[in-house]
Amino acid sequence: MALLEQAYSFVNMRFLFEGLAVTLEVSVISIIFSFIFGLIFGVIRYIEVPYFSAVVGFIIDIIRNLPLLLIIFFTYFAIPELGIRMTPMSASIVALVVFESMMLAEVVRSGIQAVDSGQMEGARANGLTYFQAMRYIILPQALTKMIPPLVSQFISLIKDTSLATIIVLPELLYHAQIVYSQNTTYMLPMYVMIALMYFVVCYILSLAARYLERRLG
Amino acid sequence: MAMIEFKNVDKYYGKYHALTDINLQVQQGEVVVVIGPSGSGKSTLIRTINGLEEIESGQLIVNGMDLADKKADLNELRKNVGMVFQHFNLYANKTVIENIMLAPRLVLKRDEAENKKIALRLLDTVGLAEKADAYPKQLSGGQKQRVAIARSLAMKPKVLLFDEPTSALDPEMIDDVLNVMKSIAKQGDMTLVVVTHEMGFAREVADRVIFFDQGQVVEDDPAEEFFKQPKEERARQFLSKIITHK
């Protein structure tokens, strides 16, 4: 018991929460940008612009089939060789956005495809332009259908931020490691605590998604 | 000038010849019923009229616009040519009243108060005033189709196309939809092209009947003559089949 009290001391917990704050910051920024890019790339994949969509599809396939860790190393260690210097924070965000937006593009594309084709036909026959039909009819329905796979991808993203510990991003896992490297008996309590933190954050997100899905569905 | 004119129109799906040398005219205000066996190309025919299907050759002039021209402005065309589908195609994410108001708002820029007034009046005409705030999934098939008709009418089209509007409905729902269609037909100012198997409807309101088979116009007669005695053997056989089953 004394061990737990020492391990979960105010100072240690504050340090863990600082790590959690960085994890959340990187997650939120990455989720926002990868959702925007995922939406754009997903729509491009769906509407099949000649040549362009094929090129986009090829890029999506390449990135989806690379390990995220490799992309993180690439942005942090390789890109500075080209003269663009990045902090661990910006390198992590760039790597996560590049990887996750490609994953999301496929979610978006299949979400749009799942909308009954009669919806587009009805809208076009009713006089709406292609973009009006997309904006008011197809995308809102597709997004509702996409909520579960989108959220599970967001949850993956939050968990994947822990990979950035390797490029010394001061996120949750990294801070836990710092705490138990002072005193290795803290190792088990630290892992349990950060597991709990990751779980709470991700579980709240999935509950929110379930609520949203029920309200919109 | 005819409202709709097909001149030597052909359409292919790959190698399949869906429409063969179609020549047809529909005058303004006419009610034309297209009948024929399933798979004969009736739907393809009617879907070319609002540009949902492209034609490969020939000329198709609708409301003065040549649809064979690749630069034809289909959005402009569709302001004047409405369509009612077999499977309704109501906007699943919009309420009934929003289904009706959306296109007039976005496409015609109709004033919001005016838009609502027209939508409510149309809903009343089709007998669904109390369903204004319902979502499509809360309606029966027949109700959906009546909303779809109201949605098309809200655009005040010159031409209204019906693609088997009662084929997906339960029998007891069909009459409500046909009654709405009949009252539109009897008003007489709109040009209607109706693909249907409802011979009672055709008999009562059609000016002309076109019998369509294997992608071709087999027979094109004034309705009265057609129902008295079709000229072509294929049309006679088809007619006797669907009428004896009633």
Side-chain angles (χ1 to χ4, degrees), chain A residues 35 38-40 42-43 46-53 104 107-151 208-217, chain B residues 43 46-53 62 73-95 98-110 135-137 144-145 147-163 165 168:
Chain A
F35 181 60
L39 204 57
I40 294 170
V43 171
Y46 173 76
I47 59 180
E48 290 174 7
V49 189
Y51 305 111
F52 187 54
S53 292
L104 291 175
V107 171
V108 170
R109 185 183 60 82
S110 59
I112 299 174
Q113 267 169 352
V115 176
D116 173 24
S117 62
Q119 294 287 310
M120 178 56 94
E121 253 181 16
R124 297 308 305 279
N126 201 198
L128 271 59
T129 64
Y130 186 84
F131 286 101
Q132 287 171 333
M134 268 288 177
R135 155 105 171 67
Y136 294 97
I137 307 302
I138 309 299
L139 284 180
Q141 290 183 49
L143 284 172
T144 314
K145 286 182 201 291
M146 278 180 234
I147 289 173
L150 275 183
V151 170
R210 228 173 283 170
Y211 171 76
L212 205 63
E213 205 193 338
R214 211 172 318 129
R215 256 199 55 188
L216 300 176
Chain B
S43 281
I46 199 173
R47 286 160 59 88
T48 58
I49 299 173
N50 68 349
L52 283 182
E53 301 285 350
V62 180
D73 185 351
L74 294 179
N75 293 324
E76 190 56 38
L77 173 81
R78 288 165 183 158
K79 286 184 191 173
N80 297 305
V81 182
M83 187 167 204
V84 174
F85 296 86
Q86 181 177 359
H87 295 289
F88 331 121
N89 296 351
L90 291 180
Y91 307 139
N93 59 327
K94 302 278 180 197
T95 60
E98 272 297 310
N99 263 274
I100 299 172
M101 290 170 65
L102 187 68
R105 181 189 302 134
L106 294 177
V107 180
L108 305 179
K109 317 282 179 210
R110 187 178 286 161
Y135 279 89
K137 67 176 175 195
K144 282 182 196 166
Q145 196 58 297
V147 172
I149 293 171
R151 179 174 74 176
S152 296
L153 291 176
M155 294 294 282
K156 304 200 167 158
K158 294 180 183 163
V159 179
L160 193 46
L161 310 171
F162 289 88
D163 188 5

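Order of the sequence lines sets the chain letters (A, B, ...), proteins ahead of strands, with each chain counted from 1.
- With a threshold of 4.5 angstrom between heavy atoms, B:Leu106 approaches chain A through its backbone and through its side chain.
- Between chain B and the residues A:Ile138, A:Thr129, A:Asp116, A:Ile137, the largest count of heavy-atom pairs under 4.5 Å involves A:Ile137.
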**Message:** What verdict does the side chain to side chain donor-acceptor pair (under 3.5 Å) test give for B:Asn50 and A:Arg124, after you've listed the backbone C-alpha separation in whole Å, the side-chain angles of each residue and the deciding distance to 0.1 Å?
**Reply:** CA-CA 9 Å; B:Asn50 68 349; A:Arg124 297 308 305 279; over 6 Å; no
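- Using a distance-only test at 3.5 Å, with no hydrogens or angles considered, no donor-acceptor pair links the side chain of B:Asn93 to the main chain of A:Leu139.
- Across A:Leu128 and B:Asn75, no two heavy atoms sit closer than the pair O-OD1, 3.8 Å.
- Using a 4.5 Å cut-off between heavy atoms, B:Phe85 touches chain A through its side chain atoms alone.
- Counting non-hydrogen atoms of neighbouring residues, nucleotides and ligands closer than 6.0 angstrom, the OH atom of A:Tyr130 exceeds 12 such neighbours.
- Between the side chains of B:Tyr91 and A:Asn126, a donor-acceptor pair is found at a separation under 3.5 Å.
- The backbone N or O of B:Ala92 lies less than 3.5 Å from a partner atom in the side chain of A:Gln119, making a donor-acceptor pair.
- Side-chain contact check for B:Asn89 versus A:Met120: every heavy-atom pair is 4.5 Å or farther apart.
- For B:Val84, no part sits under 4.5 Å from any heavy atom of chain A, backbone or side chain.
- For B:Leu74, no part sits under 4.5 Å from any heavy atom of chain A, backbone or side chain.
- Contact annotation for A:Glu121: both backbone and side-chain heavy atoms come within less than 4.5 Å of a heavy atom of chain B.
- Considering only heavy-atom pairs separated by less than 4.5 Å from chain A, the leading option among B:Met83, B:His87, B:Met155, B:Arg151 is B:Arg151.
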